[in-house]
2 protein chains.
Amino acid sequence: MKEDIARRREAILEAVVDCYIDSARPVGSRVIARKMGLSSATIRNVMQDLEEEGFIMQPHTSAGRVPTEKGYRYYVDSLMRLRRLTEAQKRNIDSEYAFKMKSLEDLLAKTSHIISMVTGCAGVVLLPKTEYSHFRHIELVSISRNKILVLLVAGSGIAKDFIIDTDYYIDSDTLDRITKFLNDSSYDMTLDEIKDHLEARLRAERDYSYKIIEQARNIMSSVLMSHIESKLYIDGASHILVQPEFSDARRIKAIIEFLEDKERMLELLLGDVREIGTRILIGSESRVRSLNDMSIITSGYRIKDNIIGRVGVIGPTRMSYEKVVPIVNFLADTLTGMLRELEV
Amino acid sequence: MKEDIARRREAILEAVVDCYIDSARPVGSRVIARKMGLSSATIRNVMQDLEEEGFIMQPHTSAGRVPTEKGYRYYVDSLMRLRRLTEAQKRNIDSEYAFKMKSLEDLLAKTSHIISMVTGCAGVVLLPKTEYSHFRHIELVSISRNKILVLLVAGSGIAKDFIIDTDYYIDSDTLDRITKFLNDSSYDMTLDEIKDHLEARLRAERDYSYKIIEQARNIMSSVLMSHIESKLYIDGASHILVQPEFSDARRIKAIIEFLEDKERMLELLLGDVREIGTRILIGSESRVRSLNDMSIITSGYRIKDNIIGRVGVIGPTRMSYEKVVPIVNFLADTLTGMLRELEV
DNA sequence: AATTAGCACTCTTAACTTGAGAGTGCTAAC
DNA sequence: GTTAGCACTCTCAAGTTAAGAGTGCTAATT
């Protein structure tokens with residue numbers, strides 16, 4: 001008996017959320033009454049209970065109900081039924097990936113594009129600092145008297161380039177030998193390990209001259225200092241603007257502003273880089289003011305069982321979680337697969 | 001006599017444009033009358049003439065006048081008085097650049113950020129394909145059986161990385177020798193020149209084994225094929241959204257959509273990469289629908305007297321050209337200066 | 001005891017009305 | 001050639017109204 005009632009409450013909450021998600025307007029008791037074969041008065045009674053418990057609310061007396069964050073949370077945790085991707089969607093995604101990707105950067109940018117296309121939300125791909133990934137190759141190219149271009153290749157073909165300053169000129173021959181030394185001594189270590197062991201290795205070293213070792217030390221510490229930055233790919237922000245909740249220009253401005261603020265975006269997304277599985281933040285759970293009625297869904301992608309980054313979406317709280325969550329997961333898997341192909 | 005009248009007409013046009021730019025609303029005859037010490041009736045007469053000739057227009061009977069594109073064009077070409085940057089602005093820019101830039105990419109991204117901050121428009125920096133720039137160094141890193149990571153360094157520290165497929169496995173020793181061969185044979189040539197001369201050089205080569213030359217040929221043609229893509233840095237799109245003309249959500253959406261469409265943006269900006277000096281496109285001159293009442297101002301930045309890219313803004317047609325044009329030019333110069341520092 | 005019909009009530013929304021204000025074009029006077 | 005004056009037009013914001021949607025409560029029904 002009691003369980004039946006509980007189940008009905010859930011069904012009604014689910015119906016409210018579903019309806020609201022695809023109509024974008026408060027749902028009244030009649031709509032649900034029709035769906036459930038009960039009278040609207042009965043539904044109203046249940047709705048009153050749900051409202052008291054904070055799952056739904058009325059924007060004003062005599063409007064229908066709208067899910068609260070608590071309502072969405074319950075829906076996401078217990079009620080929604082994830083929808084498998086349609087064959088058409090999969091084909092669509094595959095065909096987008098079919099264009100040859102020339103670099104990791106291309107691949108990630110493309111992914112954020114695809115994800116925004118398929119979900120209608122803003123697509124986000126995060127590639128965190130490579131501190132934890134494996135050192136594969138370093139190359140030093142002298143580009144002026146006291147500037148050296150460092151090309152750093154980590155596992156799985158992630159390459160970064162940056163410029164460091166040196167105090168004095170290093171001739172190309174010396175540079176070659178430093179390069180060789182660094183490559184030989186650090187292969188397959190993580191940057192963290194390199195940091196820890198470099199000093200000892202330098203001191204133990206006998207094959208190279210003092211001068212070379214000294215310079216290698218300087219260069220490598222510059223490399224470690226200029227900790228390689230996280231990268232963020234965002235695409236399709238314009239998609240979310242078609243939603244009726246963004247008819248207010250000021251809201252739009254706030255959102256676009258936030259999406260453009262790389263620093264704060266990183267802060268937000270880096271928070272749970274290593275989290276396993278799907279992460280769903282609803283509305284204020286993100287603790288970001290301007291993302292008040294936005295939700296964030298991300299999933300980790302991996303290289304060799306290590307989560308190295310996140311892919312996901314940012315969209316209105318009123319997004320189709322049932323549809324978007326599986327897509328985000330699918331793309332995290334796809335990306336993981338593509339990275340495996342590159343793997344050493 | 002006649003000249004005096006002509007001059008007055010210009011002064012009135014200028015006043016209309018100036019007023020409209022900073023008030024965002026149609027300019028009436030009274031406002032201008034006060035400024036010029038003439039009666040509003042007189043001004044009205046002149047305005048009627050200007051309207052007949054298409055320099056200004058009325059949004060509706062009994063509103064003030066608004067500049068047409070033709071009016072803006074005349075203003076920009078003949079009337080405006082560029083404003084020097086204030087010391088505060090210069091200091092502001094310098095301090096933004098003070099943070100150490102780790103790579104060319106950082107530098108360009110930073111520049112687009114700065115330009116958007118200072119102008120209140122969306123900042124744009126274009127780095128075109130490096131076809132024309134000088135080859136400095138190539139590095140090949142094997143990352144799997146048949147994938148090679150190519151690191152390509154062009155003049156001034158522009159580095160690009162991308163992955164190419166090979167038909168068969170190349171051992172690391174051979175790879176080193178191919179690398180050496182390519183570096184020796186192509187130093188300081190442009191990719192175009194390399195394309196033209198590679199074949200001849202390969203045939204003439206005697207120092208390396210047939211196999212190495214054959215593989216070098218394959219790799220290099222892959223490098224040339226996967227023509228390195230243009231890059232585009234856009235920042236501060238949200239700034240332009242505060243302008244009153246963007247109170248309509250649909251317009252906002254159209255603009256954001258266009259700014260996110262890298263392909264079309266490139267098409268638009270690549271059109272006049274090599275154009276010398278400042279380029280100003282007003283409204284429909286850009287031939288892009290969704291940029292109907294937007295203007296684009298760009299200026300080329302150089303390395304060794306060659307224009308290698310463009311920096312500029314996209315903002316509402318009603319932007320302060322007098323203020324923005326000098327800023328764009330200033331940043332083009334600053335960027336040129338910074339690149340000279342990196343120069344070999 | 002749970003469900004439902006019925007009804008009064010509330011609140012939003014869109015359409016219409018209205019009046020003030022801004023600005024014009026024209027004419028006649030300076 | 002310039003200006004004062006005036007009738008006219010159009011927008012914009014404020015106010016009014018009526019329709020519609022949806023509620024909460026009460027009383028009747030199962």
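A, B, ... follow the sequence lines: proteins, then strands. Residue 1 opens every chain.
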Length of the [atom1]-[atom2] vector between [X] and [N], whole Å:
| X | N | atom1 | atom2 | answer |
| --- | --- | --- | --- | --- |
| A/His60 | C/dC9 | NE2 | P | 19 Å |
| A/Arg25 | D/dG20 | CZ | P | 15 Å |
| B/Asp49 | D/dG1 | CG | P | 12 Å |
| B/Arg30 | C/dG25 | CZ | C1' | 17 Å |
| B/Ile32 | D/dT2 | CD1 | P | 16 Å |
| B/Met36 | D/dG1 | CE | P | 17 Å |
| B/Ile43 | C/dG25 | CD1 | C1' | 15 Å |
| A/Asn45 | C/dA5 | CG | C1' | 13 Å |

Check this one for me: any side-chain N or O of [X] less than 4.0 Å away from OP1 or OP2 of [N]?
| X | N | answer |
| --- | --- | --- |
| A/Ser39 | C/dT3 | no |
| A/Arg65 | D/dG24 | yes |
| A/Thr61 | C/dC11 | yes |
| B/Arg44 | C/dT27 | no |
| B/Gln48 | C/dC26 | yes |
| A/Gln58 | D/dG24 | yes |

Query raised in the report: Less than 3.5 Å between a donor and an acceptor, one on the side chain of B/Ser62 and one on the base of D/dT9, is that the case here?
Result: yes

Query raised in the report: Okay, side chain of A/Glu245, backbone of A/Ala24: is any donor-acceptor separation there less than 3.5 Å?
Result: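 Between the backbone of A/Ala24 and the side chain of A/Glu245 there is no qualifying donor-acceptor contact (under 3.5 Å).
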
[X] and [Y] ion-paired at < 4.0 Å:
| X | Y | result |
| --- | --- | --- |
| B/Asp293 | B/Arg251 | yes |
| A/Glu322 | A/Arg84 | no |
| B/Glu51 | B/Arg65 | yes |

Query raised in the report: Base, sugar-phosphate, or nothing: which does A/Ser40 touch, judged by heavy atoms less than 4.0 Å apart?
Result: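 The answer is nothing, as A/Ser40 stays clear of every strand by at least 4.0 Å.
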
Query raised in the report: At under 4.0 Å between heavy atoms, what does A/Arg8 touch on the DNA or RNA strands: base, sugar-phosphate, or nothing?
Result: sugar-phosphate

Report summary line: Comparing nearest nucleotides in DNA chain D, the 5'-proximal residue of the pair B/Leu38, A/Gly28 is B/Leu38

Query raised in the report: More 5' along DNA chain D: B/Gly37 or A/Met47, using each one's nearest nucleotide?
Result: B/Gly37

Report task. Verify whether one side chain among B/Ser295 and B/Tyr72 offers a donor that lies under 3.5 Å from an acceptor in the other. Result -> no

